[in-house]
Amino acid sequence: MKTLSGKELAAAIRAQTEAEAAAGPQPRLAVVVATDDEASLWYVRSIAKAAAGVGIACDLVDLGPRAEPERIAETLAKLSADANVHGVMLQTPLPAGASAQQLAAGIDPRKDVDGANPLSLGRLAAGLPAFAPATAAAVMALLDHYEVDLAGRRAVVVGRSTVVGKPLAHLLLDRHATVTVCHSRTRDLASVTSTAEVLVAAVGRPALIGAGHVAPGAVVIDVGTNPTDDGGLVGDVDFDAVAEVAGALTPVPGGVGPVTTALLLRHTARAANLP
Ligand code: NAP
């Protein structure tokens with residue numbers, strides 16, 4: 001079984017991004033935060049740190065956990081109109097009553113570096129240029145990096161969220177995979193996932209995918225990030241059990257996560273250089 005680490009790929013993307021960022025005006029990413037969720041705050045701080053490392057300016061716009069949806073909407077509109085800001089991202093979770101999808105519709109699609117505006121998803125579905133959500137793009141980048149053939153292969157995505165599962169299904173379809181999407185109402189999940197040559201788990205449930213869900217030799221990508229009681233992180237895939245069956249498997253942490261952050265920055269550098 002081959003472990004598909006994301007670390008080297010992330011480093012390569014960061015190096016390329018640093019060169020792209022240095023070639024034009026300094027790219028600037030604005031991350032709007034309205035939560036006191038520790039894991040989210042840790043994530044946005046890690047984005048800011050990674051941005052600094054590649055020469056991208058990153059503003060954390062913290063509106064506080066009680067921000068009204070109107071204030072968030074105004075902030076996104078202002079940042080979208082600001083010529084000095086090239087990428088705009090809205091971090092979730094949001095305060096009760098605020099809809100991420102409705103608010104993300106206010107991000108200029110040309111600055112929508114995490115593919116959160118429904119227009120971006122629509123353009124992806126139509127096969128038109130758009131920023132894909134960084135996580136979905138990271139799964140594709142990992143498959144490409146490890147030269148996993150997709151054309152004509154059976155791909156199963158577990159999870160149908162608008163941030164991961166749905167955009168990923170479109171990206172896989174675009175690459176001519178035969179795609180099945182599973183979700184919480186899927187009956188007999190293992191009978192579907194065990195048909196996959198490429199299996200992606202994007203659910204948010206530790207060890208949902210066990211050895212019985214995986215075909216021998218399958219390539220398994222674990223998007224899940226589930227915090228453990230001891231402060232660690234586990235994926236949706238039971239790594240040790242699935243490693244006995246799969247041909248290749250991403251670790252958590254160290255798989256999809258680092259590539260996601262690197263691609264968010266690449267998207268920002270590209271947004272800064274859009275004609
Ligand atoms: P989400 O919005 O909660 O969606 C979860 C999906 O899983 C839903 O489609 C849900 O089905 C499905 N599901 C739930 N229970 C299931 C079950 N027992 N069997 C089959 N499907 C089931 O989550 P998300 O935002 O897509 O995130 C998914 C995971 O990826 C989380 O662990 C998240 O932390 C992680 N993530 C990682 C990164 C990264 O960079 N590595 C980035 C983003 C997210 P229904 O639609 O029927 O409810």
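All values below were derived from every heavy atom in this structure, side-chain atoms included, with hydrogens, water molecules and symmetry-related copies excluded. Whatever order the structure lists ligands and atoms in, that order sets their numbers, starting from 1.
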Revision key, fill the gap. Contact region, T135 to ligand 1, non-hydrogen atoms below 4.0 Å, reads side chain
Check your understanding: What do we get for V203 next to ligand 1 when only non-hydrogen atoms under 4.0 Å count, side chain, backbone, both or neither?
Key -> both
What residue and heavy atom of the protein are closest to [atom], and at what distance?
atom	value
atom 9 (O) of ligand 1	R160 N, 2.8 Å
atom 44 (C) of ligand 1	V164 CG2, 4.1 Å
atom 37 (C) of ligand 1	V223 O, 3.1 Å
atom 1 (P) of ligand 1	S161 CB, 4.1 Å
atom 34 (O) of ligand 1	T225 OG1, 2.6 Å
atom 40 (O) of ligand 1	T260 OG1, 3.1 Å
atom 18 (N) of ligand 1	L208 CD1, 3.8 Å

Review point. Out of S184, G257, G204, who gets a non-hydrogen atom closest to atom 11 (O) of ligand 1?
Key: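 Looking at heavy atoms only, S184 sits closest to atom 11 (O) of ligand 1.
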Point to revise | Selected option - heavy-atom contact closest to atom 20 (C) of ligand 1, from R185, H183, R205 | key: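 Looking at heavy atoms only, the winner is H183.
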Within the 4.5 Å heavy-atom criterion, are [X] and [Y] side-chain neighbours or not?
X	Y	value
I221	Y146	no
P95	I72	yes
V234	N226	yes

Review point. Looking only at heavy atoms, which two atoms of L142 and S5 are closest? And how far apart?
Key: CD2-O, 3.9 Å
Practice item. Could you tell me whether ligand 1 has any atom less than 4.0 Å away from a heavy atom of G165? Key: no
Please identify which atoms of ligand 1 are closer than 4.0 Å to at least one heavy atom of [X].
X	answer
V158	20 (C), 21 (N)
N226	32 (O)
G159	6 (C), 7 (O), 9 (O)
V163	25 (O)

Point to revise | Cluster link V219 to I209, ILVMFWY, side chain under 4.5 Å | key: no
Check your understanding: What about V156 and V220, same hydrophobic cluster or not, with Ile/Leu/Val/Met/Phe/Trp/Tyr joined at side-chain heavy-atom distances under 4.5 Å?
Key -> yes
Review point. With a 4.0 Å cut-off, would you call R28 and D82 a salt bridge?
Key: no
Practice item. Any pair with a residue in residues 121-140 that passes ring pair (Phe, Tyr, Trp, His ring centres under 6.0 Å), sequence neighbours left out, goes on the list, sorted by first then second residue, please. Key: F131-H267
Practice item. Please confirm whether the backbone N or O of A116 pairs with a side-chain atom of D114, one donor and one acceptor, at under 3.5 Å? Key: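 The answer is no, because no donor-acceptor pair under 3.5 Å joins these two groups.
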Exercise for review: Look at the side chain of R160 and the backbone N and O of G165, then say whether any donor-acceptor pair between them is shorter than 3.5 Å.
Suggested key: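 Checked: no pair found.
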